[in-house]
Amino acid sequence: MAKNDSKMGDKFLVCGLCSNWFKKPRTLPCLHSYCDNCLSKHILSSVSKGEVTNRSNVTSNIKEFNCPLCEKVVTNDRFSKLPPNQWVNEFPVNKFLLDLLDIEKLKRGDKSCGPCSRNGEESTITSWCKECRDGLCDNCAKVHKGMRVSMEHTVLSRADYMKQMDLLKEYQEPCRKHAGKTLDMYCMFERELCCPNCVAEEHRRCEKVVPVAEAATKIRTEREPAFLSDSLEQYIKHIDRTMTDRNNHTKKLEDTKKGLTEDFANIRIEIINLLDSMEKSAKKELNQMHGDELAQIQKEVRKCKSMKEAVSNARVLLKMAEEHGSDSRLMNTLEMIRKECFWYEEDMGNLRTKLQDCDYDFEKDHTIDNMRRTVKRLGKISVKHVPSKLPPFPNIVTFDRVEQSKLNRSTLSLRGRRIDLLRTFEAKQEDDGAECWHTGAAFLGDGKLALVDRQNKKLKIYNKSYRVQHTFPLSSKPWDVTTVSGNEIAVTLPEEYAIMLLMVDDEITQTDYFSTEERCYGISFARGKFFTLCYDGDPPAMKIIDSDGKEIAAISHDDAGRPLFSRPIYVTSNSSGTMIYITDERRGSITTLAETEQYSFHYSCLEVSHAAGIDVDQAGNLYICRNHAKSVQMVSPDGDRLKTLVARDKISYPRAIAYDSTDERLVVTQGDKGSVKVFQFMTS
């Protein structure tokens with residue numbers, strides 16, 4: 001362990017509940033580890049209270065508990081079948097932490113001979129068995145070498161072992177399903193470690209299972225550990241920024257409160273005898289309001305602290321695994337951290353959207369001069385909330401996915417198609433109270449452009465000169481828009497579990513509105529049917545809904561019964577609805593569903609990381625926004641050729657995309673600003 005990591009390492013090897021060196025540490029899915037006994041006590045204490053707090057701060061009597069540090073809900077399918085005192089056994093013992101702890105204790109001279117300790121004696125370690133991973137005194141070392149079962153073991157002197165930190169990297173994780181087997185293989189499709197028995201039993205259909213060393217070399221070559229480390233660092237910076245903002249806002253409110261209190265006193269001085277009771281009433285009202293606001297801010301700060309601790313812990317775990325862990329440990333750690341990153345982004349993203357700044361306002365009663373007859377209180381105190389000016393929480397982690405049928409060959413080009421930037425127009429309007437986030441775009445039959453602004457809860461219609469023609473306020477935040485026929489469009493309203501149909505003519509009128517069973521996000525319309533994405537479901541699915549709002553099919557699993565999607569966000573289809581294309585944000589892929597018969601599809605998957613908005617032209621070419629890659633790409637109909645149409649020097653975080661076949665236009669919205677890019681196809 002490097003000197004500058006000593007403090008970090010000390011904290012990393014200490015239980016967050018008892019603040020002592022780990023004893024049989026067990027690791028939760030959120031990556032926090034606790035002593036076996038400490039965690040068991042925490043679980044029993046949580047269960048005895050009969051409730052758990054989820055993300056919505058709603059309590060329920062279900063079989064789960066909160067992590068003591070990050071407060072993430074921990075659950076397991078087996079909890080309902082086991083008594084609470086056995087839940088702790090469902091979490092793996094973190095042998096990597098034990099190895100690091102052994103080395104640290106060896107450095108400090110705090111560890112004694114393993115066999116002697118197990119016999120209730122204390123002896124100084126002079127040797128270390130590489131195979132048993134145990135410290136030995138002189139006598140035990142001789143016995144160890146003399147026993148038939150261990151005579152071939154590699155026993156190193158304590159000094160030699162301390163010089164060979166890389167011994168840890170030779171240790172492969174044991175398989176929990178098959179005793180005596182190690183996780184020395186990695187399935188690129190399922191993204192999980194496996195032993196040879198696992199491969200034979202569960203991964204026979206997977207097309208790419210490689211040695212874990214090969215997978216680790218690949219991710220190191222692609223600098224994925226560094227990418228995740230940078231991502232975690234950005235999370236920490238954003239959390240620190242949020243905490244600073246909340247603390248500064250607290251001071252601002254304190255100053256405002258102090259100023260208002262002085263105003264109350266000045267009024268009281270002017271008419272002391274009559275206003276004394278009203279001043280007390282006003283102060284009580286203000287203090288109650290102030291207490292409520294400070295309680296909310298402190299709650300937000302506490303949430304930030306818990307998330308910061310979780311992210312910091314993940315970062316340290318990644319660093320330790322990369323520096324001292326085996327390939328399998330590194331791969332295992334990376335997979336766990338990737339999963340947690342989505343939780344970090346979602347949890348802090350949810351917090352960010354809920355943050356509101358406020359100030360107190362006091363309106364002196366205009367009839368104060370006639371207060372003897374009419375005034376009942378000093379004035380009206382209110383809290384005015386406005387959205388926080390903090391930037392959105394980073395949303396930067398996507399998973400590279402190996403396509404199921406064939407790897408994408410991105411080196412080939414698509415000749416004969418290129419685009420030039422035609423113009424950039426500002427879609428932010430004067431009455432937009434928040435920063436624009438245009439998450440959906442579609443061309444109408446007469447060439448007009450429809451945009452949905454999620455942050456400002458609006459539908460915006462622009463003419464062919466890109467001047468705003470109509471705006472239509474929506475009752476909740478929209479996500480996507482699609483053309484139904486001519487000038488009729490449909491907008492998804494996830495918060496309302498609804499799809500709204502509108503007609504765009506001399507004015508915008510609502511023509512229909514129907515509820516959906518789940519929140520709908522991306523949407524496309526073809527041949528009288530809506531194809532819409534529901535990524536909040538378990539599992540996420542594509543729903544097929546008829547024009548009357550009736551759900552007629554749901555696509556969610558592949559032929560092997562595995563979830564087909566992880567976080568599907570945008571969908572498009574050809575004019576007949578027989579070819580459907582879905583971008584999956586988490587898997588970093590495009591899933592193609594080709595209709596074989598009614599509501600039966602053959603599927604394939606193409607690797608395109610950071611995929612967001614998607615559209616298709618009449619020839620079957622796909623146009624894909626890659627938001628964090630800051631580019632727009634074109635994929636040929638057969639999926640084996642890919643070409644960058646718009647590079648990062650011309651666009652910033654492309655989000656939604658719409659193709660106009662009449663004028664050969666491509667409109668792309670940007671996730672970090674209100675300006676919209678318009679590109680014109682040219683023949684090269």
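Both backbone and side-chain heavy atoms feed into the values below; hydrogens, waters and symmetry mates do not. Keep in mind the model is a prediction, meaning the values are calculated, not measured.
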Checklist entry - If we ignore angles and hydrogens, is there a donor and acceptor under 3.5 Å between the side chains of Tyr235 and Glu345? => result yes
Item to check | Distance-only donor-acceptor check, side chains Glu71 and Ser306, under 3.5 Å | outcome: no
Next on the checklist: Tell me if the CD atom of Glu309 is crowded by more than 12 foreign heavy atoms within 6.0 Å.
Outcome noted: yes
Salt bridge (Lys or Arg N to Asp or Glu O under 4.0 Å) partners of [X], counting only residues at least two apart:
{"X": "Lys177", "result": "Glu202"}
{"X": "Glu300", "result": "Arg246"}
{"X": "Glu201", "result": "none"}
{"X": "Arg302", "result": "none"}

Of all residues at least two apart in sequence or in a different chain, which pass the side-chain hydrogen bond (donor to acceptor under 3.5 Å, both in side chains) check with [X]?
{"X": "Asp240", "answer": "Lys308"}
{"X": "Ser524", "answer": "Ser573"}
{"X": "Ser33", "answer": "Thr27"}
{"X": "Glu551", "answer": "Lys543"}

Checklist entry - Less than 4.0 Å between a side-chain N and a carboxylate O, is that true for Lys339 and Glu335? => result no
Item to check | Leu44: side-chain contact (heavy atoms from CB on, under 4.5 Å) partners, not counting sequence neighbours | outcome: Ser40, Pro84, Asn85
Item to check | Residues that Ser566 engages under side-chain contact (heavy atoms from CB on, under 4.5 Å), provided they are two or more places apart | outcome: Asp584, Arg586, Arg587
Checklist entry - Pairs in or reaching into residues 24-45: which pass salt bridge (Lys or Arg N to Asp or Glu O under 4.0 Å), with residues at least two apart or in two chains? => result Arg26-Asp36
Checklist outcome for this item: Residues at least two apart in sequence or cross-chain that pass ring pair (Phe, Tyr, Trp, His ring centres under 6.0 Å) with Phe22, listed by chain then number, are none
